[in-house]
Trainee: 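Handing you this structure, nothing more for now.
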Amino acid sequence: MSDANRIEFAEMFKKRTKKFVVENIKLFKSLPKTEEAKIIGRQLLRSSSSVGANYRAACRARSQAEFHAKLSIVVEEADESVFWMEVLVEAEIIKLVDISILIDEANQILKIASASRKTVTVNKTLQ
């Protein structure tokens, strides 16, 4: 991948992860006002917002090691976001149909970040 393509991808993925955060904020605001919905919703809000913030930090990384570390956080927090969304559905706080697009997006972000992290690891090994 050329440097121009990498920069374009990074900018696109920054926007995508930020949109993921915003969509999770909207979801949180729509949750029932029960105590369990608030608790699980806050957990989801925390993990999903970490996805966007840590990808942005990864883009400013000063080294491959720092980039890898931040991407690892993105992977972990995207996976945790999926977990909390699944809990919301399984606890019957929200219907799957109302959250399926967001779950899919979290899984796609997870796969992209995992693949990027793997590429960094392979490139580091080849040097």
Side-chain angles (χ1 to χ4, degrees):
M1 185 183 285
S2 72
D3 284 346
N5 287 346
R6 261 182 254 166
I7 291 167
E8 184 180 335
F9 173 81
E11 287 305 311
M12 177 277 305
F13 203 59
K14 267 199 248 184
K15 288 177 185 172
R16 190 170 175 178
T17 56
K18 184 192 265 184
K19 183 178 182 214
F20 178 68
V21 175
V22 171
E23 292 303 316
N24 273 284
I25 291 168
K26 290 176 184 177
L27 171 65
F28 178 78
K29 290 164 99 175
S30 75
L31 290 174
K33 304 305 176 204
T34 63
E35 192 61 27
E36 59 275 10
K38 287 179 191 175
I39 291 168
I40 302 304
R42 282 189 198 105
Q43 291 289 86
L44 173 58
L45 204 53
R46 186 202 54 74
S47 61
S48 64
S49 60
S50 183
V51 169
N54 278 290
Y55 184 72
R56 190 175 179 120
C59 291
R60 293 187 312 270
R62 294 165 294 207
S63 67
Q64 265 194 331
E66 187 177 352
F67 182 75
H68 185 274
K70 292 296 180 183
L71 268 183
S72 294
I73 295 169
V74 172
V75 168
E76 181 180 326
E77 297 293 346
D79 187 51
E80 185 176 332
S81 295
V82 172
F83 172 79
W84 292 122
M85 286 185 258
E86 289 171 349
V87 168
L88 285 170
V89 171
E90 290 174 25
E92 299 178 353
I93 294 170
I94 193 166
K95 292 184 169 105
L96 179 60
V97 69
D98 296 330
I99 199 172
S100 61
I101 292 171
L102 205 48
I103 291 172
D104 182 56
E105 180 64 0
N107 279 314
Q108 287 182 39
I109 288 170
L110 177 59
K111 287 177 186 175
I112 292 166
S114 293
S116 295
R117 183 177 63 170
K118 187 174 183 178
T119 300
V120 170
T121 302
V122 168
N123 289 344
K124 192 169 33 171
T125 305
L126 294 175
Q127 290 181 356

Trainee: Shared ILVMFWY cluster between F83 and V75, side chains joined below 4.5 angstrom?
Mentor: no

Trainee: Any non-hydrogen side-chain atom of K70 less than 4.5 Å from a side-chain atom of R56?
Mentor: no

Trainee: Check whether S72 reaches the backbone of H68 with its side chain - one donor and one acceptor, N or O, closer than 3.5 Å.
Mentor: yes

Trainee: Starting at CG of L102, measure out to CE of M85 and round the result to the nearest 0.5 Å.
Mentor: 4.5 Å

Trainee: Quick one: do K38 and L31 satisfy side chain to side chain contact (heavy atoms under 4.5 Å, CB included)? Show the steps, please.
Mentor: CA-CA 8 Å; K38 287 179 191 175; L31 290 174; over 6 Å; no

Trainee: Please determine whether a side-chain nitrogen of the Lys or Arg among E105 and K19 lies less than 4.0 Å from a carboxylate oxygen of the Asp or Glu.
Mentor: no

Trainee: Counting heavy atoms not belonging to I101, are there more than 12 under 6.0 Å from its CD1?
Mentor: no

Trainee: With rounding to the nearest 0.5 Å, note down the distance linking CD1 in I94 to CD1 in I99.
Mentor: 4.5 Å

Trainee: Would you mind checking if K95 and D98 are paired as a salt bridge, meaning a charged N to carboxylate O distance below 4.0 Å?
Mentor: no

Trainee: Quick check: do R6 and F9 have side-chain heavy atoms less than 4.5 Å from each other?
Mentor: no

Trainee: Cluster question for you: counting only ILVMFWY and a side-chain heavy-atom cut-off of under 4.5 Å, with indirect links fine, are V22 and L27 together?
Mentor: no

Trainee: Working note: S48 + S81, criterion side chain to side chain donor-acceptor pair (under 3.5 Å); need CA distance, chi angles, decisive distance, verdict.
Mentor: CA-CA 6 Å; S48 64; S81 295; 4.9 Å; no

Trainee: For A10 and C59, which heavy atoms make the closest approach, and how far apart are they?
Mentor: CB-SG, 4.2 Å

Trainee: Look up atom NZ in K26 and atom CG in N24, then write down how far apart they are to the nearest 0.5 Å.
Mentor: 11.0 Å

Trainee: Does L110 share a hydrophobic cluster with W84, counting links as ILVMFWY side-chain heavy atoms below 4.5 Å and allowing steps through other members?
Mentor: no

Trainee: Rounded to the nearest 0.5 Å, how far apart are CD1 of I112 and CG of L71?
Mentor: 11.5 Å

Trainee: Take atom NZ of K14 as the centre, draw a 6.0 Å sphere, and report whether it contains more than 12 heavy atoms from other residues, nucleotides or ligands.
Mentor: yes

Trainee: Atom OH in Y55, atom OG1 in T17: separation rounded to 0.5 Å?
Mentor: 7.5 Å

Trainee: Once you round to the nearest 0.5 Å, how far does CZ of R42 lie from OG of S47?
Mentor: 14.0 Å

Trainee: Checking the side chain of N107 only, and the main-chain atoms of I103 only, is there a donor and an acceptor separated by less than 3.5 Å?
Mentor: yes

Trainee: Would you say that V51 contacts F20 through its side chain, given a criterion of any heavy-atom pair below 4.5 Å between the two side chains?
Mentor: yes

Trainee: If you group Ile, Leu, Val, Met, Phe, Trp and Tyr by side-chain heavy-atom gaps below 4.5 Å, do V21 and I40 land in one group?
Mentor: yes

Trainee: Assigning hydrophobic clusters by single linkage (Ile, Leu, Val, Met, Phe, Trp, Tyr; side-chain heavy-atom cutoff under 4.5 Å), is I73 placed with F13?
Mentor: no

Trainee: Look at the side chain of N54 and the backbone N and O of S50, then say whether any donor-acceptor pair between them is shorter than 3.5 Å.
Mentor: yes

Trainee: Are the charged groups of E66 and R60 less than 4.0 angstrom apart, N to O?
Mentor: no

